[in-house]
There are 2 protein chains.
Amino acid sequence: MSFSIGDLGKATGTKVETIRFYEKSGLLPAPARTAGNYRTYDREHLNRLSFIRRARDLGFSLDQVKALLSLSDDKDRSCLGVDEIAKAHLIEVERKIADLTALHTELSRLITQCSCGTIADCRIIESLSPA
Amino acid sequence: MSFSIGDLGKATGTKVETIRFYEKSGLLPAPARTAGNYRTYDREHLNRLSFIRRARDLGFSLDQVKALLSLSDDKDRSCLGVDEIAKAHLIEVERKIADLTALHTELSRLITQCSCGTIADCRIIESLSPA
DNA sequence: TATAGACCCTGTAGCTACTATAGGGTCAAG
DNA sequence: CTTGACCCTATAGTAGCTACAGGGTCTATA
């Protein structure tokens, strides 16, 4: 079984340009070419791209995905490295949630205070303006 | 009272490059220059930059900040436009929190499942790999 | 007066993770 | 033999800065 880049894109929900971008970024190995210089992918590539997509959907950065891919190649190795990357990412996600939650509180407060009159007595503008 | 770009930066916690970037982006008006071609800012600039920083801290995009600034100039106008921008931003923040919370659930689940043995039986790698 | 150091200037390239062109080549169907 | 769908490379754009390179200006001190 071999796929064109378009087939691979459809199979994984990835744009063609993104696949080429992953190749240039070193996430996806450069595949063989046809006589007409078209890329041809096999099941290995499909698996690897699926892995990349899932990891990206979980919010891992490209560098983290690269690290996860290379760790996943060595089956006998300890998975401590994987755990470390995942935990670091989890902490980052927690940090973002905390930041956004604080932001949400602040924004809600401002919006409910606004009585929707004129700019002159708008609480949103007021709280953005210096004292 | 007039400030150099460095003074303005210190007063607002903004890097000099960022101030020049805001000027080029149309957020901050181009100030007067000294004989030696240095930018000189006054209190008006300081107020405007403070406004920008607060709005940015609240997560508004540069385009939103630009809109808020131009709305804030017309004191007699209704503040409905301001309210609209703030509410749109709030919804966006809520969406991000929801996304990150879902991600957090998923990541936590993966990490707790990992018994930290070898890659071969790592649940994190397993759940990233295709069936 | 000379010079060191802190500051300022413009312009450009870099970062993430793509996306969107421009300007071409390849291939199968009608 | 031509149309249309697909593919190719290379480059520029997105947000919001940040970091140079390669210069000029200003002030304090020897």
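Below, chain A is the first sequence line, B the second, and so on; all start at residue 1.
- Nearest to the side-chain atoms of A:Arg56 among the listed nucleotides D:dC17, C:dC9, C:dC18 stands C:dC18.
- Separating the CZ atom of B:Arg20 from the C1' atom of C:dC7 is a distance of 10 Å, rounded to the nearest angstrom.
- Atom CD in A:Glu92 sits roughly 14 Å away from atom P in C:dT16 (whole-Å rounding).
- Side-chain contact annotation: B:Ser4 with B:Asp7, donor-acceptor N/O pair under 3.5 Å present.
- Considering only the side chain of A:Tyr38, D:dC8 comes nearest among D:dC17, C:dC9, D:dC8.
- Here B:Leu28 contributes atom CG and B:Thr14 contributes atom OG1; the two are 9.0 Å apart, rounded to the nearest 0.5 Å.
- One can place CD1 of A:Ile52 at 13 Å from P of C:dA17, the figure rounded to the nearest angstrom.
- Straight-line distance from the CZ atom of A:Phe21 to the P atom of C:dT16: 9 Å, rounded to whole Å.
- One interatomic measurement links the two molecules: CG of B:Leu28 to P of D:dC17, which rounds to 13 Å at whole-angstrom precision.
- Out of C:dC7, D:dC17, C:dC9, the shortest distance to the side chain of B:Ile5 is found at C:dC9.
- As a whole-Å value, the separation of B:Arg53 CZ from D:dC17 C1' is 10 Å.
- Electrostatic pairing of A:Lys87 and A:Asp83 counts as a salt bridge here, judged by a charged N lying under 4.0 Å from a carboxylate O.
- Side chain of B:Lys66 to main chain of B:Ser61: no donor-acceptor pair is present (N/O by atom type, distance under 3.5 Å, no hydrogens or angles).
- At the phosphate of D:dG16, neither OP1 nor OP2 sits under 4.0 Å from any side-chain N or O atom of B:Thr18.
- Checking D:dC6, D:dC7, C:dT19 against every side-chain atom of A:Glu17, the shortest atom distance belongs to C:dT19.
- Nucleotides of DNA chain C nearest to B:Asn37 and B:Lys24 differ in position, and the one nearer the 5' end is that of B:Asn37.
- The residue among B:Asp63 and B:Thr34 whose nearest nucleotide of DNA chain D is located toward the 5' end is B:Asp63.
- Two residues, A:Gly36 and B:Phe60, neighbour DNA chain D, and the one matched to the more 5' nucleotide by heavy-atom proximity is A:Gly36.
- Candidate nucleotides D:dC7, C:dC8, C:dA20 were compared by shortest atom distance to the side chain of B:Ser4, and C:dC8 ranks first.
- Look at B:Lys15 and you'll find a side-chain N or O under 4.0 angstrom from OP1 or OP2 of D:dA19.
- With hydrogens and angles left out, the side chain of B:Tyr22 and the base of D:dG16 share no donor-acceptor pair within 3.5 Å.
- Within 4.0 Å (heavy atoms only), B:Ser61 reaches sugar-phosphate atoms of the nucleic acid but no base atom.
- Spacing between atom CZ of A:Arg39 and atom C1' of C:dG25 amounts to 14 Å, rounded to whole angstrom units.
- Listed nucleotides D:dG16, C:dA17, C:dT12 differ in distance to B:Leu62; the shortest reach to its side chain belongs to D:dG16.
- Atom CD1 in B:Ile19 sits roughly 14 Å away from atom C1' in C:dC9 (whole-Å rounding).
- Other residues, nucleotides and ligands contribute more than 12 heavy atoms inside 6.0 Å of the CZ atom of A:Arg56.
- No donor-acceptor contact under 3.5 angstrom links the side chains of B:Tyr22 and B:Arg48, judged on distance only.
- Minimum atom distance to the side chain of A:Arg33 is reached by D:dT9, of the listed C:dA17, D:dT9, C:dC8.
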